[in-house]
Amino acid sequence: MTRIFSGVKPTGHLTLGNYLGAVRQWAEVDQHRAESLFSVVDLHALTVDHDPGRVRRLSRQAATLLLASGIDPERATVFVQSHVDEHARLSYLLECVATDGEMRRMIQYKEKSALERARGGSVRLSLLTYPVLMAADILAYGADEVPVGDDQVQHVELTRDLAVRFNQRYGHTFVVPRATYPKVAARVMDLQDPASKMGKSGDAGAGIIYLLDEPDVVRKKILRAVTDSGSEVEYDREAKPGISNLLEILASCEGGSPEGLSGVYESYGALKKDTADAVVEMLRPVQEKHKELVADPAYVEEVLRRGAERAREMSRPTVDTAYRAIGLLPPVDEAR
Ligand code: AMP
Ligand code: TRP
């Protein structure tokens, strides 16, 4: 059976980009067709300036939102990355396979480290090695597919390279995974700055829709979205990035294609109104379910406990195999 692994980092509140680009696909499609693992990858949240209490709160919230989005713990394994030691164990081995040049070429590293330096801050070493930990997340489980938004393409490519290199040097150990993307909305853009991705940590948040935004806040943000010059509703990501982004969001909510929808609208205003309604309706059941789950923290904790247990069982044999293959002496009790 196909195995799927994906994750979301608790660096901020989950956004519409996370939902349309990744989480909805996990809930609606992936968990039904494959053996799936979805993780709140909290170790990744420590690669940038962080507040410990906030990371804990966001981790719990992200896990709750995965369940509220319809991920069913009877079908999929939902867990917190730091509860399973195998990720960090394998990450070190893969650091011995990856090169520093490879790390420095990662677009996300270049962008985030430049931003950090421009702010006068320092760059954590873990920001550089982050893609290796991500590779460990995926390879520890022998995942075949990694459903992600398109900002993660390069990281999944690197994961493939590391798997192939390890297998060539030390014998076949890892499955070589591939990334999968949603057809529409693989990159949802910021409503105030359609040249940038809608990210969790955007500045004021006016261009970012959070999954837990109240309906009137969602409406306001969409109605105030930056549009393009002219007045024709056309799907053209280069010439009309703002309108194209709204068309993608609407198409993703309603299941059509952005090109097809562009012919339906005569004005920017009408497109915004329908997009706002569609997003509000799509988020309503997720928000309702989230409210129910928040009232039952013991249930969420139990899901995470069982998830971690299962994840440990699934990853341990592969990581142990990698330890042996790379030349580490087995502990005495196991060697007998
Ligand atoms: P992150 O928030 O970076 O942990 O991302 C979790 C998942 O959501 C990854 O698969 C990302 O590719 C996806 N994602 C994040 N932001 C967006 C966006 N603006 N559009 C589409 N997918 C996104
Ligand atoms: N790097 C991913 C992101 O920023 C999150 C992530 C960490 C991930 N480990 C993963 C995604 C493993 C897929 C598989 O979105």
Side-chain angles (χ1 to χ4, degrees), residues 3-27 30 36-48 55 58-59 61-63 65-66 69 79-82 84 86-88 90-91 94 106-109 111-112 126-127 129-160 162-163 177-202 207-211 237 241 245 248-249 252 311 315:
R3 193 176 277 184
I4 284 181
F5 183 98
S6 202
V8 56
K9 357 181 245 297
T11 43
H13 299 287
L14 263 64
T15 70
L16 185 67
N18 293 132
Y19 188 71
L20 297 180
V23 177
R24 190 179 60 168
Q25 183 92 1
W26 305 349
D30 296 328
S36 305
L37 295 113
F38 302 115
S39 183
V40 176
V41 287
D42 54 349
L43 297 172
H44 287 272
L46 312 184
T47 55
V48 288
V55 170
L58 289 171
S59 294
Q61 186 188 70
L65 275 169
L66 293 184
S69 301
F79 70 103
V80 174
Q81 182 190 31
S82 65
V84 180
E86 308 312 315
H87 298 248
L90 181 55
S91 185
L94 295 177
M106 293 289 122
I107 297 164
Q108 198 168 322
Y109 171 72
E111 286 176 357
K112 287 196 177 172
S126 55
L127 188 69
T129 56
Y130 172 121
V132 177
L133 177 60
M134 176 163 164
D137 298 339
I138 298 166
L139 300 181
Y141 296 93
D144 305 283
E145 292 182 20
V146 187
V148 284
D150 87 353
D151 60 327
Q152 296 302 313
V153 181
Q154 206 188 17
H155 292 158
V156 180
E157 280 303 311
L158 176 85
T159 302
R160 292 168 58 86
L162 297 182
R178 66 186 183 90
T180 60
Y181 319 97
K183 281 195 205 75
V184 181
R187 181 177 289 252
V188 177
M189 308 310 272
D190 189 293
L191 299 173
Q192 290 300 316
D193 174 15
S196 320
K197 186 186 82 163
M198 184 185 284
K200 293 197 199 87
S201 39
I208 306 168
I209 293 177
Y210 296 103
L211 295 192
R237 288 196 81 140
N245 191 36
E248 288 238 1
I249 293 171
S252 178
S315 54

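First listed ligand is number 1; within each ligand, the first listed atom is number 1.
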Step-by-step salt bridge (Lys or Arg N to Asp or Glu O under 4.0 Å) determination, E248 to R237: CA-CA 10 Å; E248 288 238 1; R237 288 196 81 140; 2.9 Å; yes

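Residue D137 places at least one N or O, backbone or side chain, under 3.5 Å from an N or O of ligand 2. By the 3.5 Å distance cut-off applied to N or O atoms, Y130 is counted among the residues near ligand 2. At under 3.5 Å, not a single nitrogen or oxygen of H155, backbone or side chain, sits near a nitrogen or oxygen of ligand 2.
Side chain of N245 to main chain of P194: no donor-acceptor pair is present (N/O by atom type, distance under 3.5 Å, no hydrogens or angles). A donor-acceptor pair is defined here as one N or O able to donate and one able to accept, closer than 3.5 Å; such a pair exists between the side chain of S59 and the backbone of V55. With hydrogens and angles disregarded, no donor-acceptor distance shorter than 3.5 Å links the side chain of Q81 to the backbone of H87. Remark: side-chain polar atoms of Y109 are not paired, donor with acceptor, to backbone N or O of T129 under 3.5 angstrom. For the pair R178 (side chain) and E145 (backbone), a donor-acceptor distance under 3.5 Å is absent. The backbone N or O of S82 lies less than 3.5 Å from a partner atom in the side chain of D42, making a donor-acceptor pair.
The protein heavy-atom contact nearest to atom 4 (O) of ligand 2 is K9 NZ, 2.7 Å. Atom 15 (O) of ligand 2 has as its closest protein heavy atom Q152 NE2, 3.3 Å. Looking only at protein heavy atoms, the nearest one to atom 12 (C) of ligand 2 is F5 CE2, 3.5 Å.
Within ligand 2, the atoms closer than 4.0 Å to a non-hydrogen atom of H44 are 7 (C), 9 (N), numbered from 1 in the order shown. In summary, the atoms of ligand 2 found under 4.0 Å from a heavy atom of V146, numbered by their order in the structure, are 13 (C), 14 (C). When each atom of ligand 2 is checked for a heavy atom of I138 under 4.0 Å away, the hits are 12 (C), 14 (C). Taking every heavy atom of S6 and a limit of under 4.0 angstrom, the matching atoms of ligand 2 come to 13 (C), 14 (C).
Protein residues are said to neighbour a ligand when one of their heavy atoms lies under 4.0 Å from it; for ligand 1 these are G7, V8, K9, G17, N18, G21, A22, V148, G149, D151, Q152, A185, A186, R187, V188, K197, M198, K200.
H13 is listed as a side-chain neighbour of Q61, based on a closest heavy-atom distance under 4.5 Å.
Contact annotation: for V8 versus ligand 2, there are no heavy atoms closer than 4.0 Å.
Note that OG1 of T159 is 9.5 Å distant from CD of Q152, once rounded to the nearest 0.5 Å.
Residues passing the salt bridge (charged side-chain N to carboxylate O under 4.0 Å, His left out) test with K197, sequence neighbours excluded: D151.
Screening F38, F5, Y19 for a ring pair (Phe, Tyr, Trp, His ring centres under 6.0 Å) involving W26 leaves a single residue, F38.
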